[in-house]
Amino acid sequence: MKDFNIAALKRFFRLRNIIKMVSIVLAFVTYYLTFLNWAPTENFITMLQSPSRFNFYSGSSGGFYIQIGGYLDKKSKEEAKQGVNIPFPPFEKTTINSISTAGALDNWNRIITQEAAFGLVNEISTPPHDYAGSTAKNITPLYMERLHVFYRKRAFLNIVLDSSEVRDQPKPPKPTLKSKPDLYTMRFLKNSLINGGPHGSGTRLLTSYFLDAMNISNPNPLLSYNNKVGRDLFKKAKYDIHFAVVGDPLGWIDTLANDPAYGMISIDQELITKINLKFNINLQYANFKGKYEFDDVKQITTAGTIVNLVASQDISAKPIIDLLGMLEEAKPKDFEKKDGYKITDEKFQLEEIDFTKAKEMLKNERISIFQSFLLFIITVLLAEKIIHWILINFISRSKISKYYKISSQIYQNHLASLPQLFNGKYSLIAPNVDQDASAKIRDLCIGFQEIFDVIDKAYSDYKLESITKSDYKELEKEFNSIINVFHKGLYRQIFQAIRNGELIEQSSLDSFLVTGILDSNDYQELSGMAGKKQAQKRKILSAE
């Protein structure tokens, strides 16, 4: 049994089997590297590696980002419990884990540095040609969110009327954000406590843009409360102006907008254009019509920015389609208990932009697991054949080069010393009388044995498929040519020995014929010559 296992092991590790195994391994590597660069999220290997559980970075409390994240978290886990959930990557149900963040900028940072991550960002957090936009997957626009700027009316009057600059002026108008703000608005912005949103949020970034574009240098540092904490402190008069970039309609915004103690600051279109040019962003001119029903809704204008669904580069089409399908099914009632969301007859945030086109496009472009498997098999088989052919030919050429070199060395060792015996047609030239013909015959026999050994090894390599058929035929011609030279050389040496009077036994000639180092025609001729020479010697001996 032990001998059998060793023999089987030796057979298994023959060169042709090793080449086959190496070819298969390299074919897999070729497939992976090819599709890694060509279609990194849609190939059989990445489908097998694809996760089914994802983090969704949802922003801070009080906005609509976190409501979407909470809905997807709950919805995906409910769907995972329903029906058959095969615990295998291509078939496992997609589940979402919602994680609270500071906002859009924070979301970007997490998505580009982590795997299996979704998130929501707005266009102001990713200017054109920005690094983050090129290192994440931008899936689709979802809705527009607007900049809401609330102020406390009492604080406005107190700050403005307390100034000698405006004390004798007419009753101050409502504040408006312009490229060159009026005296009242400028006074208010310079002397107010302003909440610009938490660090890492799009709100804080946009607040800084607006203040910079209006040349406002407020001596007070920007506060950094999120919407949930900030709105409570705002109502307690802890600060005077509240900036919020959020999707609408939201219940707490509706409450502030209809509260006579608070007002909403309108934003001039010229200022929006100036900010776009200065900071290379894409703010849009917007309003709140159709979103809220407070007194000034028709007069208030603002800036809007599109919210995009983005993902880390490693996410394949299937979980994206699943996630978009869940958002497509979302209704206002799914959010009514979260952060005071207000159900109205107005247009729902997720109905503003038709993101379902992205889902349909992904469905049409993606390949099924079966198609991916077929492509995988075809690619690997084709790559294996090509790599196997390259390896076999490389090894084959290396081996015949080695055999050419060995054959050439044998020729030099045993035949190059006999140039006087041959011309191009192997015809006899005047021999060297002092030459030891018998010694040369022995040397040529040794050469014959060496060349036969080389031929045997080459044939063995050919049968083991480490030399190709075409290469072996080429090598065979070389061997035949050298053997032919050996035949002629041996014939000439035996012929010379007999002519010199040396006695060549018939048994030696017979052995030369049997071993193939002397052809039959030469054998017949030399046997006759040797016989005559022996007869002459016997006649001389008998005469003596």
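Here, residue 1 is the first one in the sequence, and each next residue gets the next number.
- A salt bridge is absent between Glu79 and Lys93: the closest approach of a Lys/Arg side-chain nitrogen to an acidic carboxylate oxygen does not fall below 4.0 angstrom.
- Pairing each heavy atom of Ile265 with each of Pro175, the nearest pair is CG2-O, 3.5 Å.
- Scanning both residues, Ile194 and Leu189, for their nearest heavy atoms gives CD1-O, 3.9 Å.
- Relative ring orientation between Phe118 and Phe54 is described as perpendicular, the plane-to-plane angle rising above 60° on a 0-90° scale split at 30° and 60°.
- Lys174 is linked by a side chain to side chain donor-acceptor pair (under 3.5 Å) to Asp296, counting only residues two or more places apart in sequence or in another chain.
- Judged purely by distance below 3.5 Å, without hydrogens or angles, the side chains of Asp106 and His199 never pair a donor atom with an acceptor atom.
- Under a 4.0 Å N-O distance rule, the pair Lys75/Glu329 qualifies as a salt bridge.
- A salt bridge links Lys77 to Asp73: at least one charged side-chain nitrogen sits closer than 4.0 Å to a carboxylate oxygen.
- A salt bridge does not link Glu115 to Arg110: none of the charged side-chain nitrogens sits closer than 4.0 Å to a carboxylate oxygen.
- Partners of Phe156 according to the ring pair (Phe, Tyr, Trp, His ring centres under 6.0 Å) rule, which considers only residues two or more places apart in sequence or in another chain, are Tyr151, Phe188.
- Between Ile306 and Ile353, the closest side-chain pair of non-hydrogen atoms falls below 4.5 Å.
- Rounded to the nearest 0.5 Å, atoms OH (Tyr262) and NZ (Lys235) are 7.0 Å apart.
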